[in-house]
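What follows is one structure encoded as structure tokens, with my remarks underneath.
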Amino acid sequence: MSAKISYADVEVGTELPAQTFPVTRATLVQYAGASGDFNPIHWNEKFAVEVGLPDVIAHGMFTMAEAIRVVTDWTGDPAAVVEYGVRFTKPVVVPNDGKGAEIEVSGKVAAMLDDNRVRVDLIAMSAGQKVLGMSRAVVQLV
């Protein structure tokens with residue numbers, strides 16, 4: 001596979017389609033099983049509150065993975081992402097109310113690089129708070 005976006009068709013400021021990702025307690029249990037991360041802060045409300053959290057929180061790596069989907073969906077090829085990094089700034093709090101939480105992600109091309117690569121900066125928000133900082137990906141375009 002290769003990216004379906006051409007380097008010649010983007011410029012600094014090109015916006016990627018924003019997406020919203022739902023997160024429920026069931027999502028967190030599924031992710032825990034897939035990742036092997038069974039830390040009770042991600043599924044046990046009583047434990048999460050006892051350690052000072054407002055409620056159960058989403059796994060940081062889960063939040064990071066959801067955010068990069070904006071880039072992989074835009075390029076059409078997950079392998080087009082050659083670098084990706086974030087700082088975790090706030091947790092995604094997931095209440096047990098039948099609705100859960102949402103992670104809203106937007107992105108734009110922030111820099112044109114050599115070899116048909118671009119840097120994409122992402123903004124990930126949940127409940128009105130930025131949950132990832134310095135969220136950046138280097139993407140190989142055609």
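These numbers come from the heavy atoms of this one structure, side chains and all, not from hydrogens, waters or symmetry mates. Remember, it's a predicted structure, so these values are computed and weren't measured experimentally.
In this structure, a donor-acceptor pair under 3.5 Å is absent between the side chains of Glu45 and Asn96.
Leu132 and Val93 fall into different hydrophobic clusters, where Ile, Leu, Val, Met, Phe, Trp and Tyr residues are linked whenever their side-chain heavy atoms come under 4.5 Å apart, directly or through other members. Connection of Ile123 to Val92 is not established within any shared hydrophobic cluster, with ILVMFWY side chains joined at heavy-atom distances below 4.5 Å, either directly or through further cluster members. Cluster annotation: Ile41 and Val94 are assigned to distinct hydrophobic clusters (Ile/Leu/Val/Met/Phe/Trp/Tyr, side-chain heavy-atom contacts under 4.5 Å, transitive).
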With a cut-off of 3.5 Å and sequence neighbours excluded, list every side-chain donor-acceptor pair involving residues 105-121.
| from | atom 1 | to | atom 2 | distance (Å) |
| --- | --- | --- | --- | --- |
| Arg117 | NE | Gln140 | OE1 | 2.7 |
| Arg119 | NE | Asp121 | OD1 | 2.8 |
| Arg119 | NH2 | Asp121 | OD1 | 3.4 |
| Arg119 | NH2 | Asp121 | OD2 | 2.9 |

Taking distance alone, no hydrogens or angles, what donor-acceptor pairs closer than 3.5 Å link side-chain atoms of residues 52-71 to residues at least two apart or in another chain?
| from | atom 1 | to | atom 2 | distance (Å) |
| --- | --- | --- | --- | --- |
| Asp55 | OD1 | Arg25 | NH2 | 2.7 |
| His59 | NE2 | Asp37 | O | 3.2 |
| Thr63 | OG1 | His59 | O | 3.2 |
| Glu66 | OE1 | Arg69 | NH1 | 3.0 |
| Glu66 | OE2 | Arg69 | NH1 | 3.4 |

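Taken to the nearest 0.5 Å, the CG atom of Asn39 stands 10.0 Å off from the CG atom of Asn44. The CE atom of Met125 sits 9.0 Å away from atom OG1 of Thr89, with the distance rounded to the nearest 0.5 Å. Interatomic distance, Leu122 CG to Arg136 CZ, rounded to the nearest 0.5 Å: 10.5 Å. If you take NE2 on His42 and CZ on Phe47, they are separated by 10.0 Å, rounding to the nearest 0.5 Å. Note that OG of Ser135 and CZ of Phe88 are 9.0 Å apart. Values are rounded to the nearest 0.5 Å.
Between Val139 and Thr75 there is a side-chain heavy-atom pair separated by less than 4.5 Å. Residues Val81 and Val138 are not in side-chain contact: their nearest non-hydrogen atoms beyond the backbone lie 4.5 Å or more apart. By the 4.5 Å heavy-atom criterion applied to side chains, Val142 and Tyr7 are not counted as neighbours. Inter-residue side-chain proximity for Trp43 and Leu28 is flagged as unmet; no heavy-atom pair is nearer than 4.5 Å. Residues Gln19 and Asp73 have side chains in contact (heavy-atom distance under 4.5 Å, counting atoms from C-beta outward).
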Fill in: side chain to side chain contact (heavy atoms under 4.5 Å, CB included) assessment of Val10 paired with Trp74
CA-CA 12 Å; Val10 300; Trp74 175 64; 3.7 Å; yes
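Across Ala32 and Phe38, no two heavy atoms sit closer than the pair O-CZ, 3.4 Å. Contact between Thr27 and Pro22 at its shortest, heavy atoms only, is OG1-O, 4.5 Å.
Remark: side-chain polar atoms of Ser35 are paired, donor with acceptor, to backbone N or O of Tyr31 under 3.5 angstrom. Here the side chain of Thr20 pairs no donor or acceptor atom with the backbone of Glu104 at under 3.5 angstrom. In this structure, Asp97 contributes its side chain and Gly100 its backbone to a donor-acceptor pair below 3.5 Å.
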